[in-house]
Amino acid sequence: MKLWIFFTLALLWLEVQNGVCQQPKRKKVPGRNRAKVRYPKVKEKEPGSKGPSILTQVLDKGRFLRLGDTLSLNPGKTLELRCKGTKIGWAYPSYLDTYNDNRLSIKQHERFGQLILTSPSGADTGEFSCWVILCDGNDCERDSDTISTTYIYFTDKDELFVPSAIHFEIVYLRPNKPTTVPCRVTNPKIQVSLHREVPPEEIPVDGTQILYNPTRGFIIQNPGPEHKGAYYCKANSTTKTTSQISTKYQLLYVEVPSGPPFATIQASSDTVSGGDVFNLTCTVLGEPEMNVSFSWRFPGQGQRPVEIQDYWRLINRGVGHTTRISQSVLIVDDAETIDFGKYICIAKNKHGETLVSTLVKSDN
C-alpha cells in the first residue's frame with residue numbers, strides 16, 4: 001500500500017515538472033530583439049560647392065599627397081603632379097608656355113592626367129591647377145566643380161623674389177579698383193617691405209589700405225595720384241643678413257573711362273591738288289594697356305597704293321594722369337582725281353569700335 005502511494009506521488013511530481021518545462025515558446029518575430037543598426041547621416045552637397053581636391057603630388061616610393069592651398073618645396077627636385085580623370089586640363093605659370101620650356105611635360109593616361117616639371121627653381125613659383133574636361137561629342141567644357149589649385153613655392157635661398165623678364169615694369173593705378181605691385185617671393189616666410197625712390201621712404205603697410213600677399217605682392221586698395229612714382233620691394237632672408245631688391249616698378253595714375261575707342265580724324269589738308277602728297281591721321285586716347293587696331297576705307301582703295309603707319313605712346317594729361325595715344329596715319333603720294341572723297345577710319349578695341357570720317361576735296 002505504501003509502495004503504491006509512493007509511486008503515485010512520484011508520477012505527480014514528474015507531471016508537474018514537465019508542465020513547467022514545456023511552457024509554450026514565444027514565437028520569434030522577424031527583426032525583434034535585434035540590435036538596432038544606425039547609419040551615419042550623409043551631408044547633402046550644397047549647390048555650387050566643390051568636392052575634395054583632385055590634385056595630388058607624387059612622392060617617393062609610390063606615396064601620394066593630396067594638395068591644399070599652398071605647398072613649399074625645395075628647388076631642383078622633379079615635381080610630379082597628378083589629377084584623377086580620363087580627360088584633364090592644366091594651368092601653370094604662364095612663362096613656361098611663353099618660352100616653350102622643355103622641362104615641362106604633360107601627359108594624359110587612361111585614368112589620370114600627369115604634369116612633370118624637371119629642375120624647378122624659384123622662377124617656377126606660382127599657381128598650378130587642374131580640372132576635369134567633360135565632352136559631349138566634339139563639344140568639350142571645363143567642369144568648374146572639379147577645379148583644384150595649389151600655389152607652389154620653390155624656396156630658392158639665392159632668389160628671394162620670383163624673377164621677372166622685365167627689369168622696369170609699369171603698373172597702372174586706377175581710382176575704381178585695387179592695384180597690385182607684383183613683387184612675389186619664393187618663400188612665404190620672407191619679410192618684405194615696399195619703398196618709394198623719390199622721395200626715398202618705406203611705405204607703411206597697415207593691412208587695410210595697403211597690404212601684402214606673398215602670392216601676389218603689395219595691394220593698394222584705393223589708389224590715387226599720390227601713389228604714382230618709382231617703387232621697389234626689399235626682402236630680408238631668413239638665413240642671410242644681406243637684403244635683396246626686386247624689379248623696379250613705375251606706378252602711373254590713369255583716369256580714362258573704359259569703353260569703345262574715343263577717336264578723331266584729321267587731314268593734313270582739306271583740299272589738295274593733283275600731284276600733291278597728303279595724309280590723314282586717326283587718333284585714339286585710351287587706357288595705357290588697351291590695344292587699339294585700325295582699318296581704313298578710302299576712295300582709291302584697291303586701285304591706288306597708299307602707306308599706312310600705326311604706332312602708340314604714353315602721354316601725361318593733367319596732374320599725374322597717364323593716357324595711351326594710339327594713331328594710324330594714311331599717306332597718299334602724287335594725288336590723282338580718284339583720291340578725292342570720303343576717308344573713313346575704323347578704330348577697334350575689346351569694348352567695341354568707332355568710325356570717324358573726313359572729306360578730302362580738290363582745290364580746282
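Worth knowing before you read on, the calculation uses all heavy atoms, side chains too, and leaves out hydrogens, waters and symmetry mates.
The two residues V329 and D310 have their closest heavy-atom pair at N-OD1, 4.4 Å. Here the closest non-hydrogen pair linking P299 and D339 is CG-O, 3.9 Å. The nearest pair of heavy atoms linking V162 to A123 is CG1-O, 4.0 Å. Looking at every heavy atom in both residues, P261 comes nearest to V284 through CB-CG1, 3.8 Å. Considering all non-hydrogen atoms of both residues, N349 and N291 come closest at CB-O, 3.5 Å. The shortest non-hydrogen separation linking S193 to H195 is OG-NE2, 2.7 Å.
Applying side chain to side chain contact (heavy atoms under 4.5 Å, CB included) to R184 and the options Y153, Y151, F161 leaves one that passes, Y151.
Checked by atom type, the side-chain pair D124/Y92 shows no donor-acceptor distance below 3.5 Å. Side chains of Q309 and E307: a donor-acceptor N/O pair is present below 3.5 angstrom, by distance only. Between the side chains of S328 and W296, a donor-acceptor pair is found at a separation under 3.5 Å. Checking Q114 against H109 by side-chain atom types alone, a donor-acceptor pair falls below 3.5 Å. There is a side-chain donor-acceptor pair under 3.5 Å between N213 and T215. Side chains of S121 and D156: a donor-acceptor N/O pair is absent below 3.5 angstrom, by distance only. Checking N222 against Q209 by side-chain atom types alone, a donor-acceptor pair falls below 3.5 Å. No side-chain N or O of Q327 forms a donor-acceptor pair with one of T281 less than 3.5 Å apart.
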Please determine whether side chain to side chain contact (heavy atoms under 4.5 Å, CB included) holds for the pair V171 and T179, giving the CA-CA distance in whole Å, both sets of side-chain angles, and the decisive distance to 0.1 Å. CA-CA 8 Å; V171 176; T179 295; 3.4 Å; yes
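Y212 and F218 have their aromatic ring centers within a separation under 6.0 angstrom.
D60 has a carboxylate O that lies under 4.0 Å from a charged side-chain N of K77, or vice versa, which qualifies the two as a salt bridge. The pair E226-K228 does not meet the salt-bridge criterion, since no charged nitrogen lies less than 4.0 angstrom from a carboxylate oxygen.
For residues 241-254, the set of pairs meeting the salt bridge (charged side-chain N to carboxylate O under 4.0 Å, His left out) definition, not counting sequence neighbours, comprises E197-K248.
For Y172, the ring pair (Phe, Tyr, Trp, His ring centres under 6.0 Å) test picks out no residue, with sequence neighbours left out.
Taken together through direct or relayed side-chain contacts under 4.5 Å among Ile, Leu, Val, Met, Phe, Trp and Tyr, I116 and F154 form parts of separate hydrophobic clusters.
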